[in-house]
Asks: 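The structure's right below; bear with me while I get my questions together.
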Amino acid sequence: MSIGSNRVVICVDLDYFYAQSEEVRNPSIKGKPVVVCVFSGRTEISGAVSTSNYVARRLGVRSGMPIALAKKTLARYPDAVFLPMDTDYYDSISSNVMDILRSKSPAFEQSSIDEAYLDVSNETEGDFSRAYELGKKIRAEILEREKLTCSVGIGPNKLVSKMAADSKKPDGLTLVVPGEVQPFLNKLEIGKLFGIGPKTVEKLHELGIGTVVQLAQADIRVLSEHFGEKLGPQLRDAAMGVDDNPVQERGVEQFSRIVTLKRDSNIFDFQDVLEPLAADLSKKLLEYNMLAGSIGIIAITAELKTKTRTRKIENSTDSKAEIVHVASSLFESFFADGNSSHGDLMVRRIGVRVSNLAKPTKDKKEPSLVDFL
DNA sequence: AATACCGGCGAGT
DNA sequence: TCATACTCGCCGGTATT
């Protein structure tokens, strides 16, 4: 049975996951700077760094950095390794690790490809030292079975366990018992709090809030006024380590596929670009046995601004043809009214999104096997 | 007045 | 200098009921 509301939550975060996976596949690159890249195909080296190992990080390579800049940064290191993303490979390793974690507690939540939470309140009978031992065991098992290191955090909820895991990386194991939550958080920079990024740090500073202590004591009405009825209180909760969200799998809400165009365009062959995107999304819907109730497009302009258009459709669908059709129509009107006011609307990246996902009802609706390759 | 929908934004991996 | 591919959640505006 559950132990009242005193929970014990473990957060497991695989270290520099893509790059470490590459090291597992090819151990000879260990010790060299390893940079996993998303090559956009515009030029030989255009694109961004997805992640890198700690050797590369120490030399200044960061996630999101242009590949060209990473190359420059590592110019003096001829042994540096630049690899393209291999998502299928990372997916399969991730799924092995998640199977290990799932076996530790029925209260399991995968929050990303390389992160998961476990509510082990029952397994440990609310005892944090037992959770610590379990954390050791989990780390040992992932290392033995997949040759991967991870960082583990343990706390009274997801929020604290996550920040505990973040506090010692890579290969860390951090325990924050309830009585230590506030002292633990108080030592952090405000921008290290989960959910508080650069923009929020900036806004908080304008309000005279620069530390975790100040945020924890801030007037909730002031926060709500400036950040909204939900985000305001949430910010203060983050500073106090308060989080009541249960550890449980959340259903998928949307899928999207996006690509970078060879060059910025305001006119392109819709069919050509949209087809493969829609095909992937259709396949994914089939895979998950879901139907999309809304279809949308994403356009990232030459100025790197994101624009979206969404349309709710009458009958939920997983059909590639319908996704292409609706996306085409949305792009047409997007370019039509986007251009009317001022100048050309140049687009750099385009994407398609399906959302409003639902499991198909057992109504007789002809399955679109036609779309299955 | 409440709910639905949409587009923008911020954050995270 | 260049600047990926996703996913999720919230906000405010507007439309619908």
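So that the names make sense, note that chain A is the first sequence line, chain B the second, and so on, each numbered from 1.
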Asks: Under 4.0 Å, counting only non-hydrogen atoms across every strand here, what does A/V252 touch: a base, just sugar-phosphate, or nothing?
Replies: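 Sugar-phosphate contact only.
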Asks: Can a side chain N or O of A/T200 be found less than 4.0 Å away from OP1 or OP2 on B/dA11?
Replies: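 Looking at the OP1 and OP2 atoms of B/dA11, one of them is under 4.0 Å from a side-chain N or O of A/T200.
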Asks: Are OP1 or OP2 of C/dT4 and a side-chain N or O of A/R348 less than 4.0 angstrom apart?
Replies: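 It does, given that an N or O in the side chain of A/R348 lies less than 4.0 Å from OP1 or OP2 of C/dT4.
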Asks: With sugar-phosphate meaning primed atoms plus P, OP1 and OP2, does A/R257 contact a base, only sugar-phosphate, or nothing at under 4.0 Å between heavy atoms?
Replies: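 Sugar-phosphate contact only.
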Asks: Applying a 4.0 Å non-hydrogen cut-off, can you work out what A/I67 is touching in the nucleic acid: base, sugar-phosphate, or nothing?
Replies: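 Counting heavy atoms under 4.0 Å across all strands, no contact is made by A/I67.
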Asks: Look at all strands and tell whether A/S50 reaches a base, only sugar-phosphate, or nothing, counting heavy atoms closer than 4.0 Å.
Replies: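 It contacts nothing in the nucleic acid.
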Asks: Check whether any side-chain nitrogen or oxygen of A/K284 sits under 4.0 Å from OP1 or OP2 of C/dT7, and answer yes or no.
Replies: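 Indeed, a polar side-chain atom of A/K284 lies that close.
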Asks: DNA chain C in dot-bracket, Watson-Crick or G-U pairs under 3.5 Å, [ ] crossing, | other strand?
Replies: ....|||||||||||||
Asks: Using a heavy-atom cut-off of 4.0 Å across all strands, would you classify A/L69 as base, sugar-phosphate, or nothing?
Replies: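 The answer is base, as A/L69 lies within the cut-off (heavy atoms under 4.0 Å) of a base atom.
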Asks: Please work out if A/T87 contacts a base, only the sugar-phosphate, or nothing of the nucleic acid, heavy-atom cut-off 4.0 Å.
Replies: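 Since no nucleic acid heavy atom lies under 4.0 Å of A/T87, the category is nothing.
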Asks: Apply the test side chain to side chain donor-acceptor pair (under 3.5 Å) to residues A/N26 and A/E22: give CA-CA distance (whole Å), side-chain angles for both, the deciding distance (0.1 Å), then the verdict.
Replies: CA-CA 6 Å; A/N26 177 7; A/E22 295 294 349; over 6 Å; no
Asks: Within the structure, does a side-chain N or O atom of A/T308 lie under 4.0 Å from either OP1 or OP2 of B/dC6?
Replies: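 Result: no.
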Asks: Which is true for A/T260 with a 4.0 Å heavy-atom rule: it touches a base, it touches only sugar-phosphate, or it touches nothing?
Replies: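 Sugar-phosphate contact only - A/T260 comes under 4.0 Å of backbone atoms but never of a base.
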